[in-house]
*Asks:* 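One structure follows; several queries about it will come next.
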There are 2 protein chains.
Amino acid sequence: MSADLPKDRAPSIRDVARLAGVSHQTVSRVLNDHPSIRETTKARILQVMEELQYRPNQAARALSKGHSRTIGVLTASSAQYGPARSVAAIEDAARRQGYFVDTANLSVADPAAIEDALEHLLDQAVEGLVIIAPQERVFDVLERLDIAVPYVSLQSTGKHDLRELAADQILGAKMATRHLIDLGHREIVHLAGPQDWNEAEARMRGFLLEIDDADLMTHPPILGDWTADFGYFAGQELLRSRDFSAVFAANDEMALGLLHALHDARLSVPGDVSVVGFDDVPVASHSWPPLTTIHQDFDGIGRLAFATLLREMGTGVDVPTAPIAPRLVVRGSTGPVPVSRLPLLKRY
Amino acid sequence: MSADLPKDRAPSIRDVARLAGVSHQTVSRVLNDHPSIRETTKARILQVMEELQYRPNQAARALSKGHSRTIGVLTASSAQYGPARSVAAIEDAARRQGYFVDTANLSVADPAAIEDALEHLLDQAVEGLVIIAPQERVFDVLERLDIAVPYVSLQSTGKHDLRELAADQILGAKMATRHLIDLGHREIVHLAGPQDWNEAEARMRGFLLEIDDADLMTHPPILGDWTADFGYFAGQELLRSRDFSAVFAANDEMALGLLHALHDARLSVPGDVSVVGFDDVPVASHSWPPLTTIHQDFDGIGRLAFATLLREMGTGVDVPTAPIAPRLVVRGSTGPVPVSRLPLLKRY
DNA sequence: TGCTCGCATGTGCACGGTCACAATTGTGAG
DNA sequence: CTCACAATTGTGACCGTGCACATGCGAGCA
């Protein structure tokens, strides 16, 4: 029990074998829970492992077995609440299943950067990809590179089958719009996200569908960039011609910026203008007034993404999944259409 | 040029060698930029690689060379703006240097979960660790496990030398407090973060130091949990006894929750109460009123963390680093102390 | 011409696991 | 006690790459 440490290297399976007086293969069997091993042998080996602080070498295992047990996550703007939350959920779910997660974040989204990030992930021999940068350009690059591994996107590309999530976005947007219509609003403006994001496009589609259903007119949506700053400036712009009584913003940040602009203009929310956001970020309930918004279960979406990927990867493991439904959370930023805006002029 | 694909496996260095009519070692030399290779040979090999879509197997490389070129990032609450931002910056910097980043997120911070997450990272044979979960418990576990790899923390533990960042936190807190004192406030309350976070503790220390310097009294700080919800409830609590004219919140989220509570109570900010936050999250400039806060360069902190880790890991690479300074951003949530609160009572 | 030297390239093994297959031991029936 | 068969364990090759150590070859020099 004293001629333990042969080298300065980390102990290997053979070191354990030697000390336990068995062959390396027997040790390997312990590692892989092989059924036919004598209990006493197993116990002895486990004890030696403990003594040596043995830790299996994943690289060697990956090399030998031909898989890496690693998935890649490609994100854009991973500092935003929603994506960050989903990434955390994916990471958690993956770890639970013994998978490693390698991430690549896109700071800029030109094709070169996208390709660079994807190459980085593929270098790691990832077995699957989660795309949280649902921009068309990304899918273009994915197709061009002819990726060999399965991937899922947090939004539908129209080419894959994560439709639940896509329906989500559309449905959520419809719910938000419906809410405003139910309150009597007839002049509703949409502050949209960048249209190269499928997500933004889906929300806009939901909005337009609902507007159409109600036989209403609307301005062409304002195309924003998700940021509160943009919401603020868009608000200033909108206020030049006050021909609306409600705004549906494609995310909470823009909605909050918009609220700021409305405050600056001494307008009352919801007295003069109603505002709905999307996402339900944690501060949404503490703005002034608290923001009516569409709640998304980002954790659930992340888990679902990983579960779906696992299925796509054809592992035996099949984690049960439930579709994710958006939810309208009514707070203080929406109210009945102001009297001055009742559809009198439209009546005759 | 037709008997290309020998198997269904991914092409290996030997496949390339065979098609290029050289030995596998020569191919390896091309991969590693060995100086003595004839240009023509190199060109030929590169072309074959291109044809075969050859991609070096990182697992094999890791096994052979004995290193993984992977670093681990342990985070808590990675969905918060600051940490998320820093993680993205670390990932970006690491990728630039050819490193992979494996993350583990702590949803709960009990020792078992911490150990679990660390084990996961160590299983991947990470060569270094970045800790963004600066809770004492984490360091306890780190010491207990007797981790063999270097690690850096985004906050000082008092045992390592990332003092710049720690000084940052203290300095930032002092700046925030000083700002309030300069405006004439004498009754300042601190809404602190959870004290098992070194970060929160440092901010509180900065606050107390500055209070002490100015010979002021203060309540024992209220210990929060970083969330806007807590800020809201703390505000309600504080308002029972209105014996303060200013609040310094340890982060923006709590500050925003506090603003909400103040609005609910029909108090004016900064007319009745001044509020300072910490972090300068993107929505901070769009709250009502816009939040005065301490700006932190999260990207810079992330980059610095990776650069420091690289140095600790003893790689030749030494990325130049610059210390990170916090910055006071004065917006609308702070103003002169209200007349009703001038230190009359304290004068005699 | 013969020798040394340096560049360009090849040979064989190690890295730490797993797999396929062989070998050994143990068990119960005849 | 012997044999068939199952349970347990051992042997050697292989995964893809890099390293140490040849080897071949042409140039420079005596």
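Sequence lines set the chain letters: A, B, ... in the order given, protein chains first and strands last, and positions in each chain run from 1.
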*Asks:* Would you say a side-chain N or O of N57(A) is under 4.0 Å from OP1 or OP2 of dC15(C)?
*Replies:*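 For dC15(C), OP1/OP2 do not have a side-chain N/O of N57(A) under 4.0 Å.
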
*Asks:* Just wondering, do D110(B) and I114(B) contact through their side chains at under 4.5 Å, heavy atoms?
*Replies:*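 No, their side chains stay 4.5 Å or more apart.
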
*Asks:* When the side chains of residues 37-48 of chain B are checked against the rest of the protein, which donor-acceptor pairs come out under 3.5 Å, sequence neighbours left out?
*Replies:*
{"from": "R44(B)", "atom 1": "NH1", "to": "A20(B)", "atom 2": "O", "distance (Å)": "2.3"}
{"from": "Q47(B)", "atom 1": "NE2", "to": "E51(B)", "atom 2": "OE2", "distance (Å)": "3.1"}

*Asks:* OP1 or OP2 of dC15(D) versus the side-chain N and O atoms of R61(A): is any pair under 4.0 Å?
*Replies:*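 For dC15(D), OP1/OP2 do not have a side-chain N/O of R61(A) under 4.0 Å.
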
*Asks:* Does the protein touch nucleotides 4-14 of chain C at the base, only the backbone, or not at all? Give it as B, S and - per nucleotide, heavy atoms under 4.0 Å.
*Replies:* ---SSBBBB--

*Asks:* Atom CG of L31(A) and atom C1' of dG17(C): how far apart are they, to the nearest Å?
*Replies:*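 Going from L31(A) (CG) to dG17(C) (C1'), I get 9 Å.
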
*Asks:* Calculate, to the nearest 0.5 Å, the distance between atoms CG and OG1 belonging to L121(B) and T103(B) respectively.
*Replies:*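 Atom-to-atom, L121(B):CG and T103(B):OG1 are 8.0 Å apart.
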
*Asks:* Work out which heavy atom in N105(B) is nearest to a heavy atom in R95(A); give both atom names and the distance.
*Replies:*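 Shortest heavy-atom separation between N105(B) and R95(A) comes out as O-NH2, 2.7 Å.
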
*Asks:* Nearest whole Å is fine: how far is dC15(C) P from R55(A) CZ?
*Replies:*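 About 21 Å, once rounded to whole Å.
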
*Asks:* Between atom CZ in R18(A) and atom P in dG16(C), what is the gap in whole Å?
*Replies:*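 Spelled out: CZ on R18(A) to P on dG16(C) is 12 Å.
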
*Asks:* Between L52(B) (CG) and dG16(D) (P), how many Å, whole number?
*Replies:*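 The distance from CG of L52(B) to P of dG16(D) comes to 13 Å, rounded to the nearest Å.
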
*Asks:* What integer distance in Å separates L63(A):CG from dC19(C):C1'?
*Replies:*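 Spelled out: CG on L63(A) to C1' on dC19(C) is 13 Å.
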
*Asks:* Rounded to the nearest 0.5 Å, how far apart are CD of E199(A) and CD1 of I132(A)?
*Replies:*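 Reported to 0.5 Å precision, the distance equals 10.0 Å.
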
*Asks:* If I take atom NZ in residue K65(A) and atom P in nucleotide dG17(C), what distance separates them, rounded to the nearest angstrom?
*Replies:*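 So the two atoms are 13 Å apart, to the nearest Å.
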
*Asks:* Identify the heavy atoms of A79(B) and A84(A) that sit nearest to each other, and give their distance.
*Replies:*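 In this case the closest contact between A79(B) and A84(A) is CA-CB, 3.9 Å.
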
*Asks:* Give a yes or no on whether a salt bridge exists between R18(A) and D15(A), defined as a side-chain N under 4.0 angstrom from a carboxylate O.
*Replies:*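 D15(A) and R18(A): salt-bridged.
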
*Asks:* Can you say whether the rings of F139(A) and Y151(A) are parallel (under 30°), tilted (30 to 60°) or perpendicular (over 60°)?
*Replies:*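 F139(A) and Y151(A): tilted rings.
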
*Asks:* List every contact pair, protein side and nucleotides 23-28 of chain D side both N or O, where the distance is under 3.5 Å.
*Replies:*
none

*Asks:* For the atom pair CG (D116(B)) and CG (L106(B)), what is the distance rounded to the nearest 0.5 Å?
*Replies:*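 It comes to 9.5 Å.
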
